[in-house]
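Worksheet for the structure shown next.
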Amino acid sequence: AGATGRGHGRSRSPGRSGNSSVLPKGMAVQFFYEVDPAKAGSALVRTSAPAGRGPTLLQSHGWVDGVLQASYDADAFDPQKETTWALVAPQKDVVFLDRHGKRLTAIAARRVRLIREPVKAPVLLSVLFVRWGGEYSAWMDQEEANDGDWGRFGSPPSDEYMAALIDTGILGHPRLGGDGSSRDCEVLHLFVRGSRDVWEMMGKDTGDPD
């Protein structure tokens, strides 16, 4: 079925027994999580426990450990009918943060198109964006488009450009699952709040006693 995968997101139903296509409630799976990283308040996945005061590595797109909240019939999957998709909740140890590092309530169970058996294999493409995560400044306000602008996707450092790059350049690529039947990629983010974060990422002493 198109909603299941193995390894790099290739199609295969996880954990089937015999000829049954029905996966039982409570089964451990991985599901492909995706959220708009340019939207304020988006719930991003913390990929590991913070190692210091520097920026935390967060994920907007990628495979996340979860649990089936209802039995799922892979043979009945219809990409056009959300009611046929797998109902999955994240594992309890999955932590969600906003772009400023504030911990958020775990997301509720949701219908997802793509699930697979839990695996540790790396994806084909892993993309890292280093982004501004500090305080808002007035110059960041969006202005009305004009002939002197960067184009319809905005300037390369902008959230709008980044979101367009993900949607059209990454998720739309045929080797990464552009047809929607699989996903072989992940998108990660480091939100930098100032020069000290950059120095700490490089393992440098900032000279700040605090």
**OP:** Can you run down the salt bridge (Lys or Arg N to Asp or Glu O under 4.0 Å) pairs that involve residues 119-132, sequence neighbours left out, and say none if there aren't any?
**Re:**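 Only Arg131-Asp159 qualify under salt bridge (Lys or Arg N to Asp or Glu O under 4.0 Å).
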Hey, are the side chains of [X] and [Y] touching, using non-hydrogen atoms and a 4.5 Å cut-off?
X	Y	answer
Gln59	Val64	yes
Leu58	Arg46	yes
Asp98	Leu44	no
Ser60	Glu34	no

Original post:
Under the side chain to side chain donor-acceptor pair (under 3.5 Å) rule, what pairs show up with a residue in residues 35-44, not counting sequence neighbours?
Top reply: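 Every pair satisfying side chain to side chain donor-acceptor pair (under 3.5 Å) with a residue in residues 35-44: there are none.
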**OP:** Give a yes or no on whether the backbone of Leu57 and the side-chain of Thr47 come within a donor-acceptor separation of less than 3.5 Å.
**Re:**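 The answer is yes, because a donor-acceptor pair under 3.5 Å joins these two groups.
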Original post:
Is the side chain of His100 donor-acceptor paired with the backbone N or O of Lys102 at a distance under 3.5 Å, no angle test?
Top reply: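 It does not hold such a pair.
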**OP:** Take His189 and Met162, measure what side-chain contact (heavy atoms from CB on, under 4.5 Å) needs, and give me the verdict at the end.
**Re:** CA-CA 11 Å; His189 308 261; Met162 174 206 60; 3.8 Å; yes
Taking all heavy atoms of [X] and all of [Y], pick out the closest pair and write down the distance.
X	Y	answer
Ala43	Ile107	CB-CG2, 4.3 Å
Val112	Ile115	CG2-CG2, 3.7 Å
Ile166	Val187	CD1-CG1, 3.8 Å

**OP:** May I ask whether Val67 and Trp63 are part of the same hydrophobic cluster, defined by side-chain heavy atoms of I, L, V, M, F, W, Y residues being less than 4.5 angstrom apart, directly or through others?
**Re:**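 No, because Val67 and Trp63 fall into different hydrophobic clusters, even though each may have its own neighbours under 4.5 Å.
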**OP:** Report the C-alpha distance between Val95 and Val45 in whole Å, list the side-chain angles of each, state the deciding distance to 0.1 Å, and finish with yes or no for side-chain contact (heavy atoms from CB on, under 4.5 Å).
**Re:** CA-CA 6 Å; Val95 176; Val45 178; over 6 Å; no
**OP:** Would you kindly say whether Ser126 and Glu186 are connected by a side-chain donor-acceptor distance under 3.5 Å?
**Re:**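 Yes, because at least one side-chain N or O of Ser126 sits under 3.5 Å from a partner of the opposite role on Glu186.
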Original post:
Considering residues at least two apart in sequence or located in another chain, which fulfil the side chain to side chain contact (heavy atoms under 4.5 Å, CB included) criterion with Val127?
Top reply: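 Val127 satisfies side chain to side chain contact (heavy atoms under 4.5 Å, CB included) with Leu125, Phe129, Ile170 once adjacent residues are dropped.
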Going from [atom1] on [X] to [atom2] on [Y], what distance comes out if it is rounded to the nearest 0.5 angstrom?
X	Y	atom1	atom2	value
Ser71	Met27	OG	CE	12.0 Å
Leu124	Arg183	CG	CZ	13.0 Å
Phe32	Arg116	CZ	CZ	9.5 Å
Leu176	Leu171	CG	CG	8.0 Å
Glu117	Leu23	CD	CG	10.5 Å

Show every donor-acceptor pair shorter than 3.5 Å between a side-chain atom in residues 85-92 and any protein atom, with sequence neighbours excluded, or say none if there are none.
residue, atom, partner, partner atom, Å
Trp85, NE1, Asp78, O, 3.1
Trp85, NE1, Lys81, O, 3.2

Original post:
Mind checking what makes side-chain hydrogen bond (donor to acceptor under 3.5 Å, both in side chains) contact with Asp167, not counting sequence neighbours?
Top reply: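 In terms of side-chain hydrogen bond (donor to acceptor under 3.5 Å, both in side chains), with neighbours along the sequence ignored, Asp167 is linked to no residue.
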**OP:** List the steps, then state whether side-chain contact (heavy atoms from CB on, under 4.5 Å) holds for Leu97 with Leu104.
**Re:** CA-CA 5 Å; Leu97 307 175; Leu104 303 174; 5.6 Å; no
**OP:** For His61 and Cys185, run side-chain contact (heavy atoms from CB on, under 4.5 Å): C-alpha distance rounded to whole Å, both residues' side-chain angles, the deciding distance at 0.1 Å, then the answer.
**Re:** CA-CA 8 Å; His61 298 71; Cys185 58; 5.9 Å; no
Original post:
Which residues pass the ring pair (Phe, Tyr, Trp, His ring centres under 6.0 Å) test with Tyr33, sequence neighbours left out?
Top reply: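 Phe96.
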